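Remarks on the structure that follows.
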There are 4 protein chains.
Amino acid sequence: MKRDKPKYKQIVDAAIIVIAENGYHQAQVSKIAKEAGVADGTIYLYFKNKEDILISVFKEKMAIFIEDLEEILKRNISTSEKLFKMIDNHFRLLHEDRYYAIVTQLELRQTNKELRMQINGVLKEYLTLLDNILKEGMDNGTLDDSIDIRLARQMVFGTMDETLTSWVMKDQKYDLMKLSVGVHRLIMKALQA
Amino acid sequence: MKRDKPKYKQIVDAAIIVIAENGYHQAQVSKIAKEAGVADGTIYLYFKNKEDILISVFKEKMAIFIEDLEEILKRNISTSEKLFKMIDNHFRLLHEDRYYAIVTQLELRQTNKELRMQINGVLKEYLTLLDNILKEGMDNGTLDDSIDIRLARQMVFGTMDETLTSWVMKDQKYDLMKLSVGVHRLIMKALQA
Amino acid sequence: MKRDKPKYKQIVDAAIIVIAENGYHQAQVSKIAKEAGVADGTIYLYFKNKEDILISVFKEKMAIFIEDLEEILKRNISTSEKLFKMIDNHFRLLHEDRYYAIVTQLELRQTNKELRMQINGVLKEYLTLLDNILKEGMDNGTLDDSIDIRLARQMVFGTMDETLTSWVMKDQKYDLMKLSVGVHRLIMKALQA
Amino acid sequence: MKRDKPKYKQIVDAAIIVIAENGYHQAQVSKIAKEAGVADGTIYLYFKNKEDILISVFKEKMAIFIEDLEEILKRNISTSEKLFKMIDNHFRLLHEDRYYAIVTQLELRQTNKELRMQINGVLKEYLTLLDNILKEGMDNGTLDDSIDIRLARQMVFGTMDETLTSWVMKDQKYDLMKLSVGVHRLIMKALQA
DNA sequence: CATGAATGAGGATTCATTCAT
DNA sequence: CATGAATGAATCCTCATTCAT
């Protein structure tokens, strides 16, 4: 499996750094190769083309988000706590990797429609898990089941996304981790039964 | 004033159509010029460069959003009603101009960081008016004044934005106008005192 | 019409020189542009792509061959004389343009199959005129009408082509024009009734 | 001797197949290696470089042409019969190996000037044998000794070559072997005393 | 004011060849 | 002898912008 080889990871990590530091449009393949410490041509032994690198950047990291969220879902805790853990973990993962935060919140959105469609496909899995928490909450009486599930999801994700993008655009100057409590409280107030 | 001349408006309108129909990356200056019925060079008599056209596209339309919102703020109605009018009017303006909806929610986000910083500058005026509604609500006891104003704003705008983007990405297949009531109710529930 | 503009001809002429001097695979677009005294991008105002330049090189010159041959066909001279004029004129045109001789006899044959198919399409018109001379000769009793017309044509063209290629590969060191009499005599002997 | 080892032949045969099936420009070394069932690097134990493979392809087969022609020359038959046997054998060898026919008549001509010079060197030996037949014919009074020997050779080879190329380009749809009689007759008529 | 022909910088990708194992 | 992962040079084309008319 190619993605288990060390150079695969080297290149994905290099891509994140190069995109974060130079911006999406200035992230040339040769720059990524140099950062990864491999020849330009080596990139193409592991990736079909440049787009394939970008998809992989998103997928590799998103896998961690999904894995964490699946673990949270399995825990024997309340719906409210699950939502808090989701928000807090999501914020934490971006807080811990400032390069990745820039890449997902700003740079990867500059891609063409086709690439974004693929990114959305990956994102969908994450949003489905969020839907599962929301449904569970509506079923167990914690959340207001008269609220449209899609609207609820858009509110949760929209609020998180806007909060994260603002934080990144302000050069991550304030403490993101302090915000998860407030975001959770607001969301719970909006959704509770 | 250049922006009062007929060709200025011709070019801005042409840009919206060309971007919406071809996507941001396929919206060449020559295509915009052709759609506007002017020569390529004429564009540069009215705009500094291509970025300037895009900023203007955003500014011209955003002026209407701001004008409408200022009018709403002046009305002698409750804070809740003001928020509803804001959401409903915002949705309506995008609902009425499907091209502009595509351009703001999808295409204009593919621009580089610098351009988006400028767009955010324009957007800020609109968000300040939203802040004014929120402050007013907190002052008159309608809204919970323990909520951080920035967080409240991010929730309101994030929810609206996520709702609009989903609608555009689903090819505007369902009725956006029906959603304003639900969005307003959710937001009020989250923010009310 | 683009091909009437001076730059069109400039570029075609430059392409012939660059290909002849550097070889087909070393004839970069930028080299052709430099030789033509225009910017790289200007090439693409007159030609769809690099292949289009090469087709045009062949077409432009071949038009002269065809025009001349059509004129020869109309003359009130014997079949033998027509064949001689064809050979002599063909040799003369390549003799007068040493660059074009290299390009057609050596370099243009290195192209891919697709391009050669297109070149053959242009060449076909010339060979059809040759067929007309041969048919006329068979009809008026000058040439042996028991010879397969296709074979006759292949003999005439094959002999000319081999003669020309040998001359070019020997760096055009001997006098090509002296050969047309011998080639004509040999061909007439082979074909005469 | 490297060329006696089994892998040498494997690689040459693989090259013919790969070039015939994919075309010269799509015949990558890695494809040839795969077809031959060896590693890419192994190619370079038997050949100096890619060009060297192509030369060898030509040489290996041309050796058969030459061997056959030498045998024909030794026979106690007339000059006319020798010429017929040469043409008939040449056609037959290409008729029996459709891949090689494609490679020599079409694909190997797409090579650069330098490689074709080398190919011509190999071909020269064959053409010298042809010259010997022609000289013999002129000496024994069968052929017209006033014809320039080089011109005679160009006519013979040019006619054969043009006939073969046409046959290959028409996808070898008609029976090549039936053409040798006609080609021989035409050539004899042209050259006879 | 308006035109549109001309400019020229910039980058993803392929593939022959090498060399450590 | 044999392998195959790694190398890195090399090029066509687009399109925002200019400026002579």
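Throughout, protein chains are lettered first and strands after them, A, B, ... in sequence-line order, and every chain is numbered starting at 1. Hydrogens, waters and symmetry mates are skipped; everything else that's a heavy atom, side chains included, is used. Predicted model, so just to flag it, every value in this text is computed and none were measured.
Pairing for E/dT3 is with F/dA20, a Watson-Crick or G-U wobble pair whose two hydrogen-bonding atom distances lie under 3.5 Å. Pair assignment for F/dA10: E/dT13, on the basis of Watson-Crick or G-U wobble contacts that are both within less than 3.5 Å.
When the nearest nucleotides of DNA chain F are assigned to D/T42 and C/G41 by heavy-atom distance, the more 5′-ward of the two goes with D/T42. Taking for each of B/I43 and D/K48 the nucleotide of DNA chain E with the nearest heavy atom, the 5'-most of the two is the partner of B/I43.
Nucleotide F/dT7 holds its C1' atom 13 Å from the CD1 atom of A/I11, rounded to whole Å. Across the protein-nucleic acid pair, C/F47 atom CZ and F/dT14 atom P stand 15 Å apart, rounded to whole Å. Atoms OH (B/Y8) and P (E/dA2) sit 15 Å apart, rounded to a whole Å. The CG atom of B/L54 sits 10 Å away from the P atom of F/dT17 (whole-angstrom rounding). As a whole-Å value, the separation of A/I53 CD1 from E/dA12 C1' is 10 Å. The distance between atom CD of C/E51 and atom C1' of F/dT11, rounded to the nearest whole Å, is 16 Å. Following rounding to the nearest Å, A/N22 (CG) and E/dG10 (C1') show an atom-to-atom distance of 15 Å.
Under the 4.5 Å side-chain criterion, counting only non-hydrogen atoms from C-beta, B/R116 is in contact with A/L106.
In this model, the phosphate group of E/dA2 is approached by a side-chain N or O of B/K7 to a distance below 4.0 Å at OP1 or OP2. Residue C/Y44 places none of its side-chain N or O atoms closer than 4.0 Å to OP1 or OP2 of E/dG8.
Between B/R109 and B/D161, at least one side-chain nitrogen of the basic residue sits less than 4.0 Å from a carboxylate oxygen of the acidic one, meeting the salt-bridge criterion. Taking 4.0 Å as the cut-off between side-chain N and carboxylate O, A/K34 and A/D40 do not count as a salt-bridged pair.
Interface residues of residues 23-40 of chain D facing DNA chain E, ordered by number: D/Q28, D/V29; criterion, heavy-atom separation under 4.0 Å.
For D/E125, the CD atom is loosely surrounded, since the number of other residues' heavy atoms within 6.0 Å does not exceed 12.
Nearest heavy-atom pair, D/F58 versus D/Y100, reported as atom, atom and distance to 0.1 Å: O-OH, 3.7 Å.
A cation-pi arrangement is present between B/K50 and B/Y24 under the rule of less than 6.0 angstrom and at most 45 degrees off the ring axis.
A donor-acceptor pair shorter than 3.5 Å cannot be found between the side chains of A/Q10 and A/K7.
Distance from the side chain of C/Y46 is smallest to E/dA6 among F/dC13, E/dA6, E/dT17.
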